[in-house]
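Here's the structure we're looking at; comments come further down.
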There are 2 protein chains.
Amino acid sequence: MLTGLQVAVIGGDARQLEVIKKLSELDARIILIGFDQLGSSFPGTFKEDFDDFDPKNLDAIILPVSGASEDGKIQSIFTSKDLYLNENFISKTMPNSVIYSGIGTNFLVQIADKTKRKLINLLDRDDVAIYNSIPTVEGVLLLTIQNTDFTIHGSNVIILGLGRCGLSLARVFHAIGAKVKVGVRKTEYMARITEMGIEPFHLDQLKQEVSNVDICINTIPHQIITSEVIAQMPHHTTIIDIASKPGGTDFKFAERRGINALLAPGLPGIVAPKTAGKILANVLTQLLSKQLQTKNTQEKRDWNK
Amino acid sequence: MLTGLQVAVIGGDARQLEVIKKLSELDARIILIGFDQLGSSFPGTFKEDFDDFDPKNLDAIILPVSGASEDGKIQSIFTSKDLYLNENFISKTMPNSVIYSGIGTNFLVQIADKTKRKLINLLDRDDVAIYNSIPTVEGVLLLTIQNTDFTIHGSNVIILGLGRCGLSLARVFHAIGAKVKVGVRKTEYMARITEMGIEPFHLDQLKQEVSNVDICINTIPHQIITSEVIAQMPHHTTIIDIASKPGGTDFKFAERRGINALLAPGLPGIVAPKTAGKILANVLTQLLSKQLQTKNTQEKRDWNK
């Protein structure tokens with residue numbers, strides 16, 4: 001349970017509803033800022049305005065996956081008002097309060113530093129990234145089926161990178177019946193791919209490997225699918241790049257060559273907002289429980305002084 | 001090779017292009033009827049009009065997957081003219097000529113009977129149905145991902161029937177990470193599902209089994225998802241019915257209960273026309289090769305008389 005914890009959820013999209021639902025079930029006191037157009041209501045939640053609300057008892061601030069932009073703006077689909085986070089607001093919160101965000105933007109890193117508050121970027125966590133790879137894979141399946149006139153089954157699929165998403169992609173595309181090859185550099189990745197019954201190749205060989213590729217999926221956030229690589233691909237190849245913006249593909253060259261290349265980061269929130277929200281809700285619950293434990297221990301200690 | 005065989009391809013969609021391409025590669029003489037708007041050209045093909053063409057040397061007539069309707073009408077996306085097949089045309093073809101269609105409609109059965117020509121319904125063949133289950137599964141994946149806000153992975157998926165599509169669906173949804181149960185009646189199907197590491201149940205238990213289903217996929221062409229079954233489903237359930245029209249679901253009741261139910265037969269031609277066309281082209285090539293062999297043997301025999 002999270003009884004005794006005061007948490008502000010500021011802005012967000014459908015994913016945040018799963019977070020609010022879970023925190024409500026666990027009896028946290030939840031302040032909703034930027035939710036004036038939210039239809040459903042949850043026990044223990046209180047809609048507040050940024051300007052009127054006094055954050056002095058806040059233990060935690062939960063921001064959307066996108067965090068806050070360079071000027072502090074927070075996205076919310078549940079309000080038509082603009083939401084801006086600022087130093088003054090953060091500095092008034094409890095001294096041990098924590099800012100939870102999906103991405104830790106520059107603005108957030110700076111404001112956390114200035115106000116001496118802890119900032120936790122959920123998407124940086126390995127567990128969140130691995131759980132998120134599940135909806136990501138299904139998003140890539142969707143894009144692949146929509147963008148080709150042939151089946152994934154029997155197709156030559158190249159996956160670049162064996163990180164948290166690469167491994168999930170390799171497993172599922174292999175299971176569906178594609179002829180999968182995975183391009184990596186590390187010898188231990190070569191070993192893992194081989195153990196999975198899939199064919200590995202070294203990324204230095206990428207140019208040679210793409211000559212008969214039907215679907216090329218990139219997870220590496222560096223320029224890897226260069227014009228030289230694209231020049232070797234058949235014209236019917238579809239490139240799906242899920243690396244964070246700007247991706248790892250020379251999109252301009254792909255377009256000039258008439259090769260279909262899609263930049264598709266952030267798939268979980270698009271194809272499965274409910275699942276993506278539950279992933280965040282689960283990890284937030286664990287983190288807030290620990291925070292509450294520490295808080296209670298601290299209060300006990302202070303009491304005994 | 002199919003050298004010496006005269007084949008008329010009458011109407012169709014993108015799938016028929018794969019058939020034409022393959023027959024052209026194998027040196028058949030190909031008469032295209034209902035293709036006046038076809039842009040690409042293939043060696044050995046001749047565009048003809050229904051009324052002007054004399055079919056006296058035709059060894060085979062290839063119709064689209066949909067065959068011909070009750071009045072003989074043939075669908076074609078490559079012409080704006082109406083195409084009607086009639087008894088007179090068929091009766092003028094070679095005596096041993098064969099009519100190949102996807103579906104054997106009443107009209108075709110009757111016309112083949114009257115003209116004493118052989119009619120082969122490709123979709124009735126087990127091999128074609130099994131190959132077609134591959135694009136069908138990918139179509140169901142597409143519909144599932146599009147129609148839910150949660151992932152297939154971790155969802156409770158019920159598949160009804162373990163026929164040629166049911167088996168493929170069970171394998172892929174299980175591999176992606178869904179919690180799959182398959183409803184069947186035959187004990188050997190129960191055994192096969194268990195062997196696959198999946199949970200079987202008897203269809204008599206369907207009402208009890210659907211109480212926590214997220215996605216229900218039907219392959220059985222009888223009323224099986226009745227109003228009584230739907231009444232036990234959670235409101236968020238998505239039903240995807242791929243049985244041939246009118247499907248096996250009480251769609252009216254599902255709509256009244258606010259449950260999303262989709263009738264989706266014919267997925268291969270929609271999600272992967274190229275693959276679906278290749279499946280038809282491969283089996284047609286085999287059948288036409290055998291036909292040519294028989295024809296040549298017959299001609300030799302006649303010569304020796």
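Hydrogens, waters and symmetry mates play no part in the numbers below; they use all other heavy atoms, side chains included. All of these numbers come straight from a predicted model, not from anything done at the bench. Each chain gets a letter, A, B and so on, in the order the sequences are listed, and its residues count up from 1.
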Practice task
Quick one: which of A/Thr275, A/Thr151, A/Val137 has the most heavy-atom pairs under 4.5 Å with chain B, could you say?
Solution key: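 Top count of heavy-atom pairs under 4.5 Å with chain B: A/Thr151.
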Problem - chain B contacts, top residue of A/Ile270, A/Thr148, A/Ile145 (heavy-atom pairs, under 4.5 Å) - result: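 Max contact count across the listed options: A/Ile145.
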Problem - Donor-acceptor under 3.5 Å (B/Glu138 side chain, A/Ile152 main chain) - result: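 Checked: pair present.
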Handout entry: From NE2 (A/His153) to OH (B/Tyr131), nearest 0.5 Å
Key =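 Answer for the NE2-OH pair, A/His153 versus B/Tyr131, is 10.0 Å.
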Handout entry: Heavy atoms of other groups near B/Glu255 CD, more than 12 under 6.0 Å
Key =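 Result for CD/B/Glu255: open.
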Exercise for the section: Can you establish whether the number of heavy atoms outside B/Arg192 located under 6.0 Å from its atom CZ is more than 12? Expected result: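 At most 12 heavy atoms, drawn from other residues, nucleotides or ligands, come within 6.0 Å of this atom.
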Exercise for the section: Please look at A/Val271 and chain B and tell me whether the side chain, the backbone, both or neither of the residue comes under 4.5 angstrom of a heavy atom of that chain. Expected result: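 Backbone plus side chain of A/Val271, per the 4.5 Å heavy-atom cut-off to chain B.
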Exercise for the section: Go through A/Gln146 and B/Gln146 one step at a time and tell me if the side-chain contact (heavy atoms from CB on, under 4.5 Å) criterion holds. Expected result: CA-CA 11 Å; A/Gln146 281 176 331; B/Gln146 280 176 332; 3.1 Å; yes
Handout entry: Top contributor to chain A interface from B/Arg171, B/His174, B/Lys278 [non-hydrogen pairs under 4.5 Å]
Key =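 The residue among B/Arg171, B/His174, B/Lys278 with the greatest pair count is B/Arg171.
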